[in-house]
Amino acid sequence: MVMSHDKVLSLKWREETDHVRAGPPKHAWRRRLNSHANILKEFSITFMEAIKMVRLGIRLWSYVREEASHGRKAPIDPFTRESCKPSASQGVPLGGMGSGSISRGFRGEFRQWQIVPGTCDSSPVMANQFSIFVSRDSGNKKYASVLAPGRHEGLGKARDEGISSWGWNLSGQHSTYHALFPRAWTIYDGEPDPELKVSCRQISPFIPHNYKDTSLPTAVFVYTLVNSGRERAKVSLLFTWANSIGGVSHLSGDHVNEPFMTAKGNPPVTFAIAACETQNVNVTVLPCFGLTEGRSVTARQMWDKMMQDGQFDRQNFNSGPSMPSLPGETLCAAVSASAWVEPHGKYPGLDFCDIASIMCLAYNQFITDERPQHESNATRNFTLQCYRKTAVISVSGSCYPYYVFLVQRYTKFYGTSERAALNLAHDALTNYKRWEEEIEKWQSPILNDQRLPEWYKFTLFNELYFLVAGGTVWIDSSLPSTNVKNDQDSPEDAQRVDVKVTEAKVNRRHTTISEYSTTSGCNGSTGDGLKNNSDPAVTQNKRNSNNLSEHFKWHDQLDDYDDVGRFLYLEGVEYIMWNTYDVHFYASFALLDLFPKIELNIQRDFAKAVLSEDGRRVKFLAEGNYGIRKVRGAVPHDLGTHDPWNEMNAYNIHDTSKWKDLNPKFVLQVYRDFAATGDMQFGVDVWPAVRTAMEYMEQFDRDDDGLIENDGFPDQTYDAWTVHGVSAYCGCLWLAALQAAAAMAEQIGDRFFAETCKTKFCTAKSAFEKKLWNGSYFKYDSGSSSNSKSIQADQLAGQWYTASSGLAPLFDEFKIRSALQKIYDFNVMKVKGGRMGAVNGMHLNGKVDETCMQSREIWTGVTYAVAANMILAGMEKEAFATAEGIFIAGWSEEGFGYWFQTPEAWTMDGHFRSLIYMRPLAIWGMQWALSIPKAILDAPKVNMMDKILISPATFSLSLTETGVRKIANKAKCFGNSVLHCAC
């Protein structure tokens with residue numbers, strides 16, 4: 001919650017310094033540093049749920065063990081727990097997108113290490129600290145303290161040579177943390193020196209539409225000092241950093257600290273800590289100290305040196321390499337910046353002092369193309385290096401997971417040598433002021449919008465933390481070769497490999513559908529297969545290849561005109577699957593709004609995936625049956641875990657080729673992105689996949705009413721919540737997809753398919769309303785189970801996308817508002833008075849639907865989506881009240897402590913499931929609803945009932961040169977079309 005006292009402090013700081021950025025903004029999430037960081041409580045299943053899931057649990061346990069035996073981590077592993085229990089201690093993470101991240105807790109600790117893609121270690125490295133040393137001219141007053149409150153576990157040992165010997169003297173009572181992603185401010189108001197106010201401003205280069213700086217793995221800390229005493233003060237700020245990439249990596253031995261210039265090979269990871277020396281700021285370094293006896297300088301001796309002199313010896317810049325560390329020994333480095341701060345008011349303009357980025361952290365990560373046999377046997381060699389006023393830590397060795405990425409996007413600009421971190425640090429120190437200007441220009445219109453609630457303004461930006469801390473990977477090269485068999489594949493997988501990839505490439509003369517097949521091993525049956533729905537006029541090329549990655553090269557070449565690389569982000573740090581599509585459906589508004597080129601490339605990846613088939617045999621754990629990994633025409637659940645893009649569908653609980661929500665979600669996302677960006681080339685590129693995805697769904701319309709039916713198992717994103725017959729969630733998505741496909745077909749020039757979708761829409765809409773509308777809302781499904789009449793919070797997901805894309809409403813206004821009002825009255829307000837969000841399922845008697853684990857959960861991202869839907873329906877009051885429940889329960893001081901780690905779900909008693917999750921980015925769906933792009937609002941209207949007279953015999957998916965020119969002209973002359981239905 002926003003504390004009025006902190007507001008006063010913020011204004012006072014800004015008046016005293018006349019240095020606007022040093023003080024925290026008016027709108028920010030705040031915590032006192034002495035706030036209690038309680039341990040978070042994880043959800044548990046009921047006895048009856050355990051009985052229902054026992055077979056799944058046994059199969060999942062066996063699968064986790066089997067994966068571990070091959071040196072692989074299962075994408076879903078509920079049985080392994082981290083040694084560090086999650087707590088309410090998170091803060092704004094460091095760095096840009098896609099290059100690894102480190103989070104910094106609101107009390108100052110560096111934690112949540114995600115340097116290696118797909119891995120996360122939440123334990124803080126306590127040697128990584130800021131500290132301050134203050135002395136006055138008279139010499140009567142001296143203060144020294146680590147700038148983190150209290151004593152932490154493992155500290156306080158008598159005569160210890162490690163970090164417990166440091167001064168942990170900060171109470172945190174008068175210090176406040178302010179967060180407005182991607183920046184954070186920590187204000188030390190008279191701590192530890194009562195006459196000194198210190199501001200630490202943390203800046204990361206997360207800048208919308210800037211595809212270079214946003215990829216940089218660096219963060220800048222700017223310290224501003226105000227001396228309110230009568231004597232000038234000498235202030236030394238110290239930053240210490242352990243030779244570590246998180247966890248226990250600092251204890252593995254064979255670490256070396258040495259001068260920067262070295263002839264050794266390029267290390268995979270390099271950390272650089274840097275301070276900027278100016279006329280008023282003196283910088284010194286200590287290249288190496290240890291946390292135990294045996295080193296020439298220990299942590300205690302380092303601290304004593306700073307206490308006595310306030311700086312290190314200048315000759316340290318010329319020190320040679322240290323002796324390699326022994327197993328169990330930790331090496332650290334330190335950088336110090338010192339300055340005299342004049343007393344307040346004595347010299348106008350000199351009563352504050354900027355130590356411009358006492359610490360700039362940059363981490364250069366180069367992931368090699370070598371695939372280790374087993375991570376547990378990997379050797380890690382660490383090297384700490386120093387070069388003049390920059391201390392550099394280099395981490396090298398084969399410590400990466402089993403998939404292989406090529407170099408991250410930022411290496412396009414900085415290369416992969418160990419000097420890259422030094423150059424990154426230099427540029428960060430040079431450019432951070434420009435970054436701040438661009439960040440403020442982006443955020444100011446929203447922060448200054450008087451219509452928006454206070455909590456919403458900063459929560460909107462702070463939920464973006466996931467795009468940095470959510471395990472993101474951003475590469476700038478084509479896919480690596482996979483022609484070498486992975487030794488870690490199971491024998492069963494090795495015997496059954498039959499992969500078909502069908503691609504559609506459009507140029508100015510014709511459309512080409514190319515199908516490739518690659519088979520290795522034996523018994524590579526792909527099952528029944530799918531019929532080819534392509535028109536005979538389409539050119540088909542079939543040829544064999546032993547290298548699947550070759551099949552994707554055309555895609556990379558096709559996108560050279562808009563080269564922003566390829567982007568992955570995890571479903572969550574506990575669900576290790578890349579670009580999980582049913583969840584991206586909710587989260588994608590953030591990327592579309594802020595980085596639309598990345599969003600379009602994600603959709604291109606999935607468009608290509610729709611046209612591919614992977615015949616490798618997979619066991620589905622829910623039922624224990626077998627199927628193939630990827631079916632042509634089906635949108636994949638995810639892009640994989642260990643070998644993204646090449647080995648899709650890491651999720652194996654259910655056979656997602658039978659899910660009913662993925663294909664409609666693909667069509668809806670593609671149309672929304674197409675309409676919002678006006679990118680006709682994108683539309684042409686992905687149209688064959690859109691049409692294929694729609695045609696694939698026809699098999700699920702079993703009574704020819706135009707409407708798809710669910711199959712009596714959890715065949716959608718609610719993968720523990722069984723659905724029978726027609727469902728509100730999937731049926732509504734299907735109606736919306738029919739409308740979106742018709743609108744897109746109109747613009748692409750596929751007029752016959754547009755007419756087909758229109759006809760199906762009208763038939764399906766009538767069946768949907770007849771089977772599910774009960775006068776006030778749409779029932780959960782058309783079955784006869786105990787929860788078929790439940791009020792589902794997400795029942796109008798299709799309408800949300802329809803309205804967000806500028807299409808006509810799926811239903812009349814009364815039905816839409818009535819259903820949303822029912823959700824608000826029951827799912828929201830009957831749960832703790834609306835202070836927790838919207839529960840997924842609710843009975844008409846006001847009791848929560850406890851059919852399964854998910855029906856009784858509150859999903860944070862779904863709540864934001866429901867709120868966005870309400871905004872689009874003109875129910876802004878209800879919308880903000882609904883979403884505020886997530887803020888109160890998750891982000892406020894009275895809540896459960898989920899800030900900067902928003903989970904997928906929590907239960908009625910606030911217990912979480914799956915921290916740091918993708919779906920809560922759906923809050924940007926609310927912002928989208930509040931400010932729908934002009935391209936969508938200005939689109940001309942097309943009546944859904946207009947009939948297109950075209951003979952099926954003359955229809956062809958092939959686009960002639962004339963047809964393409966018409967498409968291009970159409971894009972220029974009338975932009976996007978909006979369909980209105982009079983069914």
Side-chain H-bond candidate by donor/acceptor type, Trp859 with Glu857, under 3.5 Å: yes
Candidate pair Glu755 and Lys760, rule salt bridge (charged side-chain N to carboxylate O under 4.0 Å, His left out), full reasoning: CA-CA 9 Å; Glu755 182 181 10; Lys760 281 183 176 291; over 6 Å; no
Side-chain H-bond candidate by donor/acceptor type, His843 with Glu850, under 3.5 Å: no
Asp705 and Lys771 ion-paired at < 4.0 Å: yes
Closest heavy-atom pair and its distance - Trp800, Gly925: CZ2-CA, 4.4 Å
Parallel, tilted or perpendicular: ring planes of Tyr651 versus His637, cut at 30 and 60 degrees: parallel
Residue pair Thr860 / Thr863, side-chain donor-acceptor N/O under 3.5 Å: no
Partner of Tyr801 under ring pair (Phe, Tyr, Trp, His ring centres under 6.0 Å), chosen from Trp734, Tyr586, Trp928, Phe589: Phe589
Audit row: Asn840, Gln792, side-chain contact (heavy atoms from CB on, under 4.5 Å) steps and yes/no: CA-CA 6 Å; Asn840 283 337; Gln792 184 181 11; 5.8 Å; no
Any donor-acceptor pair under 3.5 Å from Thr882 side chain to Ala867 backbone: no
Any side-chain donor near an acceptor of the partner, Tyr777 and Gln795, under 3.5 Å: no
Main-chain N/O of Val618 paired to Arg629 side chain as donor or acceptor, under 3.5 Å: no
Pair listing, salt bridge (Lys or Arg N to Asp or Glu O under 4.0 Å) test, anchored in residues 722-742, at least two apart: none
Test item: Ile858 and Thr907 side chains (from C-beta on) under 4.5 Å apart, heavy atoms: no
Whether His724 side chain and Asp781 backbone form a donor-acceptor pair below 3.5 Å: no
Tyr456 and Gln927: side chain donor to acceptor below 3.5 Å: yes
Exercise: do Asp849 and Ser790 side chains pair donor with acceptor under 3.5 Å: yes
Short side-chain donor-acceptor distance under 3.5 Å, Asn462 and Thr459: no
Polar side-chain atom of Asn663 near backbone of Met694 as donor-acceptor pair, under 3.5 Å: no
Sequence-distant partners of Glu904, salt bridge (charged side-chain N to carboxylate O under 4.0 Å, His left out), two or more places apart: Arg919
side-chain contact (heavy atoms from CB on, under 4.5 Å) between Ile932 and Ser804, worked out: CA-CA 7 Å; Ile932 292 179; Ser804 296; 5.8 Å; no
Among Pro75, Ser914, Pro903, side-chain contact (heavy atoms from CB on, under 4.5 Å) partner for Glu574: Ser914
Backbone of Thr902 reached by a side-chain donor or acceptor of Tyr465 within 3.5 Å: yes
Expected output: side-chain Glu623 to main-chain Phe620 donor-acceptor under 3.5 Å: no
Glu884 vs Arg835 side-chain heavy atoms within contact, under 4.5 Å: no
Backbone N/O of Gly841 and side chain of Arg856: donor-acceptor pair under 3.5 Å: no
Aromatic ring pairing Tyr917/Tyr575, orientation class (parallel under 30°, perpendicular over 60°, tilted between): perpendicular
Contact check, side chains of Lys41 and Phe896, non-hydrogen atoms, under 4.5 Å: no
Phe606 vs His584, ring-ring contact (aromatic ring centres under 6.0 Å, His included): CA-CA, chis, key distance, verdict: CA-CA 11 Å; Phe606 276 91; His584 180 69; 7.2 Å; no
Backbone N/O of Gln854 and side chain of Trp721: donor-acceptor pair under 3.5 Å: no
Considering all heavy atoms, the nearest Trp906-Ala889 contact: CZ2-CB, 3.5 Å
Flag for Asp661-Thr717: side-chain donor and acceptor within less than 3.5 Å: no
From CA spacing to verdict: ring-ring contact (aromatic ring centres under 6.0 Å, His included), Phe887, Trp899: CA-CA 9 Å; Phe887 168 75; Trp899 46 81; over 10 Å; no
Audit row: Tyr581, Gln603, side-chain hydrogen bond (donor to acceptor under 3.5 Å, both in side chains) steps and yes/no: CA-CA 10 Å; Tyr581 201 73; Gln603 300 302 345; 2.6 Å; yes
Ala609 backbone acceptor or donor facing Lys630 side chain under 3.5 Å: yes
Minimal non-hydrogen separation, Val839 against Ser855, with atom names: CG2-O, 3.9 Å
Cation-aromatic face contact Lys765/Phe761, 6.0 Å, 45 degrees: no
Minimum heavy-atom distance between Ile708 and Val726, given as atom pair plus value: O-CG2, 4.2 Å
List, one per line, each side-chain donor-acceptor pair under 3.5 Å for residues 806-821, sequence neighbours excluded.
| from | atom 1 | to | atom 2 | distance (Å) |
| --- | --- | --- | --- | --- |
| Asp812 | OD1 | Phe814 | N | 3.2 |
| Asp812 | OD1 | Lys815 | N | 3.0 |
| Asp812 | OD2 | Lys815 | NZ | 3.0 |
| Arg817 | NH1 | Ala873 | O | 2.7 |
| Ser818 | OG | Ser776 | O | 2.8 |
| Gln821 | NE2 | Asp825 | OD1 | 3.0 |

Residue pairs fulfilling salt bridge (Lys or Arg N to Asp or Glu O under 4.0 Å) with at least one residue in residues 873-883, sequence neighbours excluded: none
Ring centres under 6.0 angstrom apart (Tyr864, Trp924): no
Check: Thr759 main-chain N/O paired with Thr763 side-chain donor or acceptor under 3.5 Å: yes
Residue pair Asn710 / Ser727, side-chain donor-acceptor N/O under 3.5 Å: yes
Arg55 CZ: over 12 foreign heavy atoms closer than 6.0 Å: no
Test: Lys660 and Asp711 ion pair at under 4.0 Å: yes
For Lys779, all residues meeting salt bridge (charged side-chain N to carboxylate O under 4.0 Å, His left out), sequence neighbours excluded: none
Pairing residues for Asp794 by the salt bridge (charged side-chain N to carboxylate O under 4.0 Å, His left out) criterion, not counting sequence neighbours: none
Check: Phe912 and Pro86 side chains under 4.5 Å, non-hydrogen atoms: yes
Nearest heavy-atom neighbours spanning Ser588 and Glu599: CB-OE1, 3.7 Å
Distance-minimising heavy-atom pair for Val831 and Met836: CG1-CB, 4.1 Å
